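Working notes, structure below.
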Number of protein chains: 2
Amino acid sequence: MASQRDVAKKAGVSFMTVSRVINKKINVDENTRQKVLKAIRELGYYPNVLGRGLNRNKTEAIGVVIPTCSHLFSTQYYLELLRGVEQYCAIAGYGMLLYPARDDSGMIDYQKLYQERRVDGMLIIAPPVKDDQLKIIVKKKVPFVVLDGHQAGSSDKRIVFVDADNRGGASEAVQYLIDQGHKKIAHIAGWKTVANGRDRLFGYKSTLKKNGISHKDDYIREGDFTEITGYYKMKDLLGLKDRPTAVFAANDLMAIGAIRAVQETGLGVPGDISIVGFDDIPSAKYSNPPLTTVHQMTFQMGFEAVKLLIENILQDKWAESRVMETKLVVRESVKSL
Amino acid sequence: MASQRDVAKKAGVSFMTVSRVINKKINVDENTRQKVLKAIRELGYYPNVLGRGLNRNKTEAIGVVIPTCSHLFSTQYYLELLRGVEQYCAIAGYGMLLYPARDDSGMIDYQKLYQERRVDGMLIIAPPVKDDQLKIIVKKKVPFVVLDGHQAGSSDKRIVFVDADNRGGASEAVQYLIDQGHKKIAHIAGWKTVANGRDRLFGYKSTLKKNGISHKDDYIREGDFTEITGYYKMKDLLGLKDRPTAVFAANDLMAIGAIRAVQETGLGVPGDISIVGFDDIPSAKYSNPPLTTVHQMTFQMGFEAVKLLIENILQDKWAESRVMETKLVVRESVKSL
DNA sequence: TTGTATGCGTTATCAA
DNA sequence: TTGATAACGCATACAA
C-alpha cells in the first residue's frame, strides 16, 4: 500500500511536501501541490491513521461500549440510540469502534479498551448500575460520556451523562393514570441492574406515594425489557385476586407483550385493563390499540451524547450533563374510570 | 500513558524483554518475567495497537460496513445479524470498526475505509446491488466478505458472500400458498436496490410461473421493508377490484403492517386474506395471528460471515461462499381454500 | 518554499 | 537469556 514516501518519489519531491499537501498547509507551491495530488490519485494513496495516530497521539475515533447482555442489544430502542451516535460521528468525521460488553464477563475494563486501541474517548451505553470501573477511568481522566445509564441522584458528580428524565417520565405516566381515576396501578419493571429500570420504578413508587396510594409488592413485577416477559408478567398480574385496573410498563416492548396477554385472556385494552408504556418506539403507534406511552428523544440522546463527548475531547473541558425531556403521548390504551 | 519503555525502566530491564513477555515468547527467564509482569500491573500498561499495527502491518480489527440507509439499520433483523458478527469478533479477539454507509453519499469508497484505518478486512453488509466499488477492492485483493447482499447468479464469482437462500425461501413460501389452494397471490416486495429484495421477488415470480399462474403487475407492490409501508401497500392491494386472497411479504415487518391494514378494514387474517412473511423475527411468533414466515438463521449468518472473513485473513486463502438454508415456519396466518 | 532529522510504540533481526 | 538497532508511516521542529 502506498505511503507518503511512494507518493513523494512519484511526484519527485520529498515526503514532507506530501505530508504538507495532505494536511492542507499553505506553504506549498501550487505547482508542486498539483503534482503531489496527481501522484496521490494515481497511487490510490490514503493516509495511514496508525502512523498519524502514533505521532499525534490521537486517532479521531471513539469507543462505543454497548451492552450485549441478553436481549437488550436487539432492542429497537438501542438501535435508535446507535443511529444518533453514528450520525454525529459521521458529521464530526470520527470513527466508531464498537465494544460489545458481555454481562457474563463481570467487570468491563474500560481503561484497557481505551488504551489498547487508543480511541480519543469512550461512549458508555447503559453500564451496570454498580460499576466501580467507571470511577477508575474518572480518576485517570479518560474522556467519556455515559449514555442512558445515569441513575438520578446516586452518581458520581464528575461523570458526564446524557439520559432521559426517567423518573419524571415515569411519574407523568403514573400521574396520568391516577388522574384518569385509576387507583389499582401495577408496574412491570425493567431490570434492576439497569439504571433506567430503577429510575422508572422510583418514579412509579414516588408518584403513588405523593397521591396517597400505598403500593403493593404484588403489583410490582420485574421483567427484562422484552416483549415476552411483558407477556408473562401480565399473565401473573391477571391471576391476582385483586386485579389491577391499570399497568405501567417500564418500556413499550413489555407493554405490547402485556396487551397481548390481556387480549388472550379474553379481556380488553383499555376496556378492562389500561396500559402505559415508555420509550415510544415506532411500533407503539401501530399497536392495537395504539399505545399511550412516554416519548423520549432516543435518536437525539445518542446524537447529543457524542456531541458532548467530542466537544470534551477537543476543548478539553468539562461539559455539562444533559437530562432530556420526556413527554407523555396519549393514544388509546388507557380508559378513564 | 505507560509504554514498554516505562515498564522496562520500572522493571530494570530493556524494553525488548518487556515486548517478549507481552508476546509470550518462551525465551525469557521466569524471574525477569515476573518482575516485568509486576511492573505492567503497577503501571496499568496495555499495549498500544497503533505501534503494534504499524510494525506488524495488521490491526486485528475488521471494518463493518452497514447500511444506515433510511430505516434498514433500525431493523431487528440487522441487529440480529450484528449480534452474530459481534459474537465471532469477540471469540476471535478482533475489534469491530463500524462504518455506517449512508445512501446519500452515492458510492462507498471501501478502499479508503480499508486503507485509512488499516483494518485487516471488511465485512460488507447489504451493499447496493449496483456496486462497482466492490469490483475495485476485489482487484486490489482487499479481504472482504459480503453479508446479506448477494444477488444470486449475477455476482462476480470472486466475491465471497454469506447469504440466505432468498430465492429458495421465497419460492417455498409461495409454493405453500399455492398448495393451500391460493391462486391470487400478491407480493409486497422489498427495495429493488437491495439484493434480497430482488431475489425474493424473483422467487415469487418464478414460482407462480412454474405453477402456471401468470403474475399481475397490480399484485406486486414495492415497499422499503418497514412496517408502515407494509401497511400502506396492503391498503392499496385491498382497494383492488380483483382482490388477492393471499400476500407474500418480503419481510416480517411489512407482513405485520399488512396484517394491521387488513384488520383495520374489518377483514380478518387468515379468514379473508392469508399472509406470509420472511425472516422470522422474534415478534413474528407473537403477532396476532402468529405469522407464517420463512425462517432464516440470521444470527448464524453474521457469525459465519465473520468466521469466513477472519479465516481468509489468517490463512490468506479463498474461502467458499455460503448460502444458508431457509425453512418455512407454519403458524396461523394462512388459511387453506 | 522545500528538505532533513527526530520520535511516537511496537516488533523483527541480529548481536552479545 | 538479554540487549541494541532498524523499521513501520506520519508530523513536528528546525535548517536550508
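Quantities reported herein were computed from a predicted structural model and do not represent experimental measurements. Here is how names work: the chains are called A, B, and so on, in the same order as the sequence lines, proteins then strands, and each is numbered from 1.
The interatomic distance linking A:Gln115 (CD) with C:dG9 (C1') rounds to 12 Å, in whole Å. Taking atom CD on B:Glu30 and atom C1' on D:dT2, their separation rounds to 16 Å, with Å as the unit. To the nearest angstrom, C1' of C:dT10 lies 14 Å from NZ of B:Lys58. The separation between B:Asp6 atom CG and C:dG9 atom P is 8 Å, rounded to whole Å. When rounded to the nearest whole Å, the span between CD of A:Gln34 and C1' of C:dT1 equals 16 Å.
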_For a salt bridge (charged side-chain N to carboxylate O under 4.0 Å, His left out) check, start with the C-alpha distance between B:Arg83 and B:Glu86, then their side-chain angles and the critical distance, and finish with the verdict._
CA-CA 5 Å; B:Arg83 274 193 51 228; B:Glu86 179 274 305; 5.8 Å; no

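Side-chain contact, B:Asn196 with B:Asp163: no donor N or O sits under 3.5 Å from an acceptor N or O.
Between the side chain of B:Asn23 and the main chain of B:Ser19, a donor-acceptor pair closer than 3.5 Å is present. In terms of modelled atom types and a separation under 3.5 Å, the side chain of B:Asp120 and the main chain of B:Lys58 share no donor-acceptor contact.
The side chain of B:Thr17 places no N or O atom within less than 4.0 Å of a non-bridging phosphate oxygen (OP1 or OP2) of D:dT1.
Closest of all the heavy-atom pairs between A:Arg118 and B:Tyr46 is NH1-O, 4.5 Å. Of all non-hydrogen atoms in B:Leu134 and B:Phe144, the two that sit nearest each other are CD2-CE1, 3.6 Å.
As judged by a 4.0 angstrom heavy-atom cut-off over every strand, A:Asn27 is placed among the base-contacting residues.
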_For nucleotides 6-16 of chain D, give me one character per nucleotide, 5' to 3': B if any protein heavy atom sits under 4.0 Å from the base, S if the only such contacts are to the sugar-phosphate, - if neither._
-BBBBBB----

